[in-house]
Asks: 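First the structure, which I've put down as C-alpha cells, then a few questions once you've had a look.
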Amino acid sequence: MNPALSDSLSALPILLPLAGALTCILLPPRHRAAAGLLTSALTLLSASALTWMLLTTGISSQNLGGWPPPLGIQLRFDGLACVFLLLTSLVGLPVGLHAAALFRSQPGDDRASSPPLFWPLWLFLWAALNGIFISHDLFNLYVLLEIMGLAAVSLAILSGRPAALLAGLRYFLAALVGSMLYLLGVALVYGAAGSLDLGLLGEALPAGAISVRVAFALIITGLLIKTAVFPLHFWLPEAHSAAPAPVSAILSALVIKASFYVFLRLWVDVFDGSVTFAAGQAVGALGAVAVVWGSYQALRQSRLKRMVAHSTVGQVGYMFLLFPLITLDPAAAAAAHGPPTWLGHAWTGGIYQALSHGFAKAAMFLAVGIFILAVGNDEKRSVTNMVGRLPMTTFAFALAGISLIGLPPSGGFVAKWMLLKATFSSQQWWWAPMIVWGSFLTAGYVFMILRLAFAPAAEAPKKNLRPVPRILEFTALALGVGAILIGLRASEVMLLLDVGAPFAEPVQPLTEPPGGADD
Amino acid sequence: MTDHGWLLPLIVASSLGPGIVIFFLRDEQVAVRTVLNLLGAVLKVALIGIVLAGFFRGDSLEFRYTIGLDLEFHLRIDALALLFTALSSVLWLVTTVYAIGYLKGSANRSRFFGFFSLCVTASTGIALAGNLVTFFIFYEFLTLATYPLVVHRGTRKALEAGRTYLWYTIGGGTVLFVGVVWMFTLVGSVEFGQIHLLGDLPADLRPQLTLLFWVMIAGLGVKAALVPLHGWLPAAMVAPAPVSALLHAVAVVKAGAFGIMRLVYDVFGIELARDLGVLPPLAVIAAVTILFGSLRALAQNDLKRRLAYSTVSQLSYIALGIALGGTLAAVGALVHLVHQGVMKITLFFCAGIIAETFKIHRISDMDGLGRRLPLTMAAFTVGALGMIGLPPIAGFISKWYLGLGGLELDQPWVLVLLLLSSLLNAVYFLPILNRVWFRAPAREWKRHRHSRRWETSGMLLWPALITALLSVLLGLFTTSGWSVLALALEIVESWFPPAPPGLAT
C-alpha cells in the first residue's frame with residue numbers, strides 16, 4: 001500500500017469523530033443524531049480499513065508533523081491497538097443507534113429525556129478513546145485520558161438529576177486524582193529518561209532506579225483508580241448507574257477499557273524492567289478480590305442498573321488477573337527454556353475478557369435500560385414475566401449474562417478458559433478458585449433476573465408496559481449476539497493480536513490455519 | 001474418507017436452524033412451526049442414516065474448526081457417537097410428534113419448541129464431540145437450553161425446580177470446566193480415543209490423575225444423577241411431559257452417562273483407570289445409586305416422581321457397567337444406554353397421556369385405568385416389564401450382559417445387586433400394573449377432548465406405541481447385524497486391548 005495513504009489513514013479514527021463532534025455542536029439539536037450516526041459509521045469504516053491495512057502490511061507508525069521521536073509525537077498502530085479500536089467502533093455504532101432511537105422516542109423536549117449535548121460529547125469521547133489506542137507517547141496519553149475523563153463525566157451527568165450530579169462529582173474527583181498521579185509519574189519518567197515515546201522509553205528507562213519505581217507506582221495507581229479496580233472502585237457503581245442507559249453502556253463497556261489498555265501497554269512495553277513478581281501478584285490480588293467482591297455486591301443489589309454496574313467491578317477484576325500471569329519470577333524465568341507457553345494464553349485471556357465484557361456489558365446495560373423504560377422503575381421485580389412481554393430483550397440479557405458468566409460458547413468463555421489455563425500452567429493455582437467463584441456469583445445474579453423473567457404473568461404488576469421502539473431491542477440483541485460470536489471466531493481476533501504481540505505465539509494451530517472454515 | 005465432514009455440522013444444524021427460526025414465529029403459526037419441527041427431525045434422522053450406512057462401509061467423518069490457540073471445535077463419528085446420535089435423533093422425532101400433540105393450544109409454544117430444538121442440538125453435539133472441549137461446550141449449552149423447558153410452565157414450583165436444576169448443573173459444569181482445563185495443562189488438547197496421552201505420563205503424576213478423575217466424575221455425575229448429586233432430577237419432573245421424557249431418556253441424564261463413558265474409556269483408557277484404582281469406588285457409587293433410587297421410587301405416590309427415581313436407579317446400570325471394567329459389562333452399559341432411553345421415554349409418554357387426558361398424577365388414582373386407556377396402558381406395561389428385565393423386552397438384554405460381565409470378572413455381587421434391584425423394580429412397578437388392569441375404576445371416565453377414534457389424541461398415543469414396540473423389537477432382534485449389540489461390540493473392541501477378555505488384569 002502507498003505509505004502516504006496509510007499514514008493519512010491511521011489518524012482518521014481520531015479525526016473523524018473529532019470533526020463529527022464539532023459538526024454536531026454547530027448543527028441544531030434535531031439534526032445531531034443523523035450527523036452523529038454518519039460519523040459513527042465512517043469511523044467504523046476507517047477502523048475496518050486500518051484493520052485490513054494491519055493484516056496486509058503489518059504495524060504502521062506515523063510521526064505527527066513529520067517529526068520523529070523523541071522530538072515529535074508518534075502514532076503507532078499494532079494488533080492490540082487494532083482490536084480495541086474495533087471494539088470501540090463495533091460497540092459504539094449500535095449504542096449510538098440505540099441512543100438516537102431512545103432520545104427520539106422520549107416525550108417532551110426537556111434536557112433529561114433528550115439531552116442535546118449527547119452527540120458532541122460522545123464523539124469527543126470517541127476521538128479521545130481512539131487517540132489513546134493509537135498514541136505512542138506518555139504525555140499525549142495523559143492529555144487524551146483527561147479529555148476522555150471530562151467527556152465521560154459530562155456524559156454521566158447528562159440527565160441533570162441530583163443523584164447523577166452527585167455521582168458525577170465523585171467520578172470527576174476520582175478521575176482528577178487518577179490523572180494527577182499519572183501526570184506526576186510522567187514527570188518523573190521524563191526526568192529519568194528524557195523521552196516520552198513509549199518505544200524509546202522501554203530501553204531508555206534505567207531499570208531499578210528509585211525514581212522510576214516511584215513513577216511506576218504513581219502511574220499504575222492513577223490508572224487503577226480510572227479503571228475502578230478494587231478498592232478504588234468506589235466511584236463507579238453510582239456514576240455508571242445514574243447515567244442514561246446508552247451512556248452507562250459506553251462508560252462500562254469502553255471508557256474503563258481505555259485506562260486498562262494504557263495500564264497494559266505501560267506494564268508490558270515501558271516498565272518491563274521495573275515490574276516485579278510481587279507487583280504482578282499485588283495487582284492480581286486486587287483483581288481477584290474485585291472479582292469476588294464486585295460479583296457479590298451485584299448479587300445483593302435490589303436495583304437493576306446498580307446490579308449491572310457492580311458487575312462491571314467484578315468483571316474488571318478478571319482483566320487484572322492477566323498481570324500476575326505474565327509477570328514471572330525472574331529466577332523461574334531464567335530456569336525455563338525459552339518463553340513459557342502460558343504467556344500467550346494469559347495475554348489473550350486478559351484481552352479477550354476486556355473485549356467480550358465490552359460487548360456483553362453494553363448489551364446488558366441496554367437491555368436493562370429497555371426494561372426500565374418499559375416498566376417505569378428500576379426495581380429488580382419489574383423484570384417479572386419479561387420473557388413473555390419483551391422476549392427479545394430478555395434474550396439479549398441472557399446472551400450477555402452467558403458471556404459474563406463464561407459459559408460456552410461465548411467471548412467470556414474463551415477469556416476464562418485462557419486465564420484458567422494460564423493459572424494452572426504457571427502453577428499460580430491460587431487464582432483458580434477466584435475465577436470459579438466469580439463465575440458462580442455471576443451466574444447467581446444473572447439467573448436471578450432470568451428466573452424473575454420466567455415468572456408467570458399473574459405475579460407481574462398489572463400495569464401495562466410502555467411501548468419500546470423495536471430498534472432499541474435490536475441494538476441490545478446485536479450486542480448480545482456479538483458477545484457470543486467473538487467466542488466462536490477467536491482465531492481471527494488472535495490473528496490480529498499477534499501483530500506486534502509481546503509474546504511469541506505459544507501454541508501452533510492444531511490443524512488448519514485460522515479462518516479456514518468460514519460461516 | 002473425510003470429504004463429507006460437513007455432514008456433521010449439518011446434523012447439528014438440522015435442529016439448530018429450525019429452532020432459531022421457530023423463536024421468531026408467533027404462537028398461532030402452528031402449521032409453519034409443525035412443518036419446521038418435523039422437517040428438522042426427519043432431516044436429522046435421514047442424515048444419521050446416511051452417516052450410519054457410510055460408517056458400516058468404513059467411512060469415518062470428521063470436522064474441525066479452530067476457535068483459537070488450542071481451543072478446537074471438533075466433530076467426529078465413531079461407533080459410540082453413532083449409537084448416541086441415532087438414539088437421540090430417533091427419540092427426538094417421536095417426541096416432537098408427541099410434544100406437538102401435548103402442547104396443542106397452550107401458551108408460549110414457539111418458545112417451547114425453540115428451546116426444545118436447541119436441547120436436541122446440544123445432545124447431538126455432545127454425541128458427535130471429538131474432543132473434550134467440544135464435549136464441554138455442548139454439555140454447558142445443554143444446561144442452558146434445558147432450563148427454559150424446565151421452568152416452562154412458570155409456576156412457583158417450576159421456578160423452584162429450575163433453580164435447583166441450575167444450581168446443580170452449573171455447579172457440575174464449573175467443576176467439569178476446572179477438570180477440562182486441568183487436563184489441558186497436563187497433556188494439551190485431548191481427542192477422544194487418544195488414551196496414550198494420559199497413559200504415557202510419568203508415574204509420579206498418578207496421584208494427580210486420580211484426583212483429576214474424581215473432579216471430572218463430580219462434574220459429570222451431576223447430569224448422570226449419581227448419588228449424592230441426583231437431587232435435581234426428581235425436582236425437574238415438574239416440566240411438561242415431553243420434556244421429562246426427553247430429559248430422562250436421552251438429553252440431560254444420558255449426557256452425563258455418555259460423558260462418564262468417554263472419560264473412562266476414551267480419555268483415561270481402561271488400563272490407566274484400572275491402574276489408578278478408580279473403578280471399584282465408582283462401581284460402589286453406582287451400586288449405591290441403583291439401590292437408593294429404587295428404594296426412593298417405592299415411596300413415591302406421584303407417578304412422574306416414581307419414574308424419576310426409577311431413572312436415577314436405572315441410569316446407574318450404565319455407570320456400573322462402565323465401572324466394572326470388563327468387556328461384557330461394558331457391552332451391557334452401552335446397550336442399556338439405548339434400551340433404557342427407549343423404555344423410559346415410553347413410560348413418560350404414558351404418564352403424560354394419563355395426566356393430560358384425565359388429570360391423574362397420583363398412582364393411587366390409577367385404578368382401572370387399563371379399561372379406559374388400553375393401548376396406553378399396554379405400552380406402559382411393556383416399558384415397566386422391560387425395566388424389571390423381563391425377556392424379550394430390551395431391558396432384559398442389558399441386565400443379562402451386566403450380569404455376565406459380573407461373572408466374567410469374578411464379581412458375583414453384581415448378580416446379587418441385579419437381582420435385588422430387579423426385585424425392587426418389580427415391587428414398585430407391578431402394583432401399578434395391578435391397579436391399572438385388575439382393579440375396578442374409582443369413577444366414570446370422560447371422553448378426551450381431542451379425540452373421537454382413539455382413546456386419546458393420536459399424536460400422543462402413537463409415539464408411546466412406537467417406542468413400546470421399539471423396546472420389544474430391540475430385545476427380539478438383539479442378535480441381528482444392525483442391532484445395538486453389534487455396534488456395542490464394535491465399540492468395546494476399540495476400548496479394550498486385543499488380549500482375550502478375562503486375561504487382562
Side-chain angles (χ1 to χ4, degrees), chain A residues 342 344-345 348 352 385 387-388 391-392 395 398 402 405-409 413-414 416-418 420-425 432 435-437 439-440 443-444 447-448 450-452 454-459 487-495 505-517, chain B residues 5-6 9 23-24 62-74 107-108 110-111 114 125 131 133-134 136-141 143-144 147-148 150-156 158-160 162-163 165-167 169-171 173-175 177-178 180-186 188-189 191:
Chain A
W342 71 81
H345 280 100
T348 320
Y352 235 85
N385 196 33
V387 82
M392 202 190 290
F395 195 54
I402 285 168
I405 300 168
L407 293 173
F413 168 67
V414 175
K416 269 156 212 172
W417 171 273
M418 300 281 171
L420 197 60
K421 184 148 186 263
T423 305
F424 280 135
S425 350
I435 295 176
V436 171
W437 193 6
S439 281
F440 223 67
F447 282 109
M448 194 183 279
L450 289 181
R451 178 173 176 269
L452 281 173
F454 271 101
E459 292 180 18
L488 296 176
R489 311 291 292 172
S491 42
E492 278 80 357
V493 179
M494 288 173 192
L495 194 70
E505 169 78 355
V507 178
Q508 293 306 314
L510 284 165
T511 46
E512 57 193 5
Chain B
W6 51 268
F23 275 119
F24 291 96
E62 186 162 61
F63 173 80
R64 287 170 192 274
Y65 164 69
T66 309
I67 297 177
L69 292 183
D70 48 5
L71 272 180
E72 193 194 29
F73 188 79
H74 181 194
N108 297 322
S110 284
R111 187 179 91 204
N131 62 18
V133 177
T134 315
F136 176 72
I137 290 176
F138 283 112
Y139 192 79
E140 289 294 74
F141 185 40
T143 302
L144 296 175
Y147 173 72
V150 173
V151 299
H152 181 74
R153 296 223 168 124
T155 57
R156 192 151 283 282
L159 289 173
E160 279 312 309
R163 180 149 79 170
Y165 172 73
L166 267 185
W167 277 120
T169 46
I170 296 254
T174 315
V175 171
F177 179 49
V178 172
V180 173
V181 175
W182 187 350
M183 185 159 300
F184 256 66
T185 53
L186 285 176
S189 181
E191 277 176 28

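Not measured: the values here are computed from a predicted model. The analysis underlying the following values was restricted to heavy atoms, covering all of them including side chains, and did not include hydrogens, waters or symmetry mates. Labels below follow one simple rule: chain letters A, B, ... track the order of the sequence lines, proteins then strands, and each chain is numbered from 1.
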Asks: Which label fits B/F177 and A/F413: parallel for a plane angle under 30°, tilted from 30 to 60°, or perpendicular past 60°?
Replies: tilted
Asks: Answer with side chain, backbone, both or neither: which region of B/P148 has an atom nearer than 4.5 Å to a non-hydrogen atom of chain A?
Replies: both
Asks: Are any non-hydrogen side-chain atoms of A/W417 and B/V180 less than 4.5 angstrom apart?
Replies: yes
Asks: Please work out which of the three classes, parallel, tilted or perpendicular, describes the rings of A/F454 and B/Y147, given edges at 30° and 60°.
Replies: perpendicular
Asks: Does the side-chain contact (heavy atoms from CB on, under 4.5 Å) test come out yes or no for B/V181 and A/K416, once each step is laid out?
Replies: CA-CA 10 Å; B/V181 175; A/K416 269 156 212 172; over 6 Å; no
Asks: Give, as side chain, backbone, both or neither, the part of A/I402 having an atom under 4.5 angstrom from any heavy atom of chain B.
Replies: side chain
Asks: Would you name the heavy atoms of B/R111 and A/V387 that are closest together and state the gap between them?
Replies: NH1-CG1, 3.2 Å
Asks: Among the options B/T143, B/V175, B/L144, B/N108, pick out the one with the most heavy-atom pairs lying under 4.5 Å from chain A.
Replies: B/L144
Asks: Under 4.5 Å from any heavy atom of chain A, what part of B/V133 do you find: side chain, backbone, both or neither?
Replies: side chain
Asks: Under 4.5 Å from any heavy atom of chain B, what part of A/S425 do you find: side chain, backbone, both or neither?
Replies: both
Asks: Any heavy-atom pair between the side chains of A/M448 and B/R163 that's under 4.5 Å?
Replies: no
Asks: Looking only at non-hydrogen atoms, find the nearest pair between A/L407 and B/E140 and report the distance.
Replies: CD2-OE2, 3.0 Å
Asks: To the nearest 0.5 angstrom, please state how far the CE atom of A/M392 sits from the CZ atom of B/F24.
Replies: 6.0 Å
Asks: Any idea which heavy atoms bring A/A455 and B/L159 closest together, and the distance?
Replies: CA-CD1, 3.7 Å
Asks: First locate atom CE of A/M494, then atom CG of B/L71, and finally report the distance between them rounded to the nearest 0.5 Å.
Replies: 6.5 Å
Asks: Given heavy-atom pairs under 4.5 angstrom as the criterion, report whether the side chain, backbone, both or neither of B/L166 touches chain A.
Replies: side chain
Asks: Relative to chain A, which segment of B/L186 carries a heavy atom at a distance below 4.5 Å: side chain, backbone, both, or neither?
Replies: neither
Asks: Return the CZ to CG distance between B/F73 and A/L488, rounded to the nearest 0.5 Å.
Replies: 8.5 Å
Asks: Where does A/A443 contact chain B at under 4.5 Å (heavy atoms): side chain, backbone, both or neither?
Replies: side chain
Asks: Measuring heavy-atom distances to chain A, does B/Y139 have an atom under 4.5 Å in its side chain, in its backbone, in both, or in neither?
Replies: neither
Asks: Taking all non-hydrogen atoms of both residues into account, name the closest pair between B/F136 and A/P408 and its distance.
Replies: CE2-CG, 3.9 Å
Asks: How long is the span from the OG1 atom in B/T174 to the CH2 atom in A/W437, to the nearest 0.5 Å?
Replies: 14.0 Å
Asks: Which pair of non-hydrogen atoms, one from A/S491 and one from B/T66, has the smallest distance, and what is that distance?
Replies: OG-O, 3.3 Å
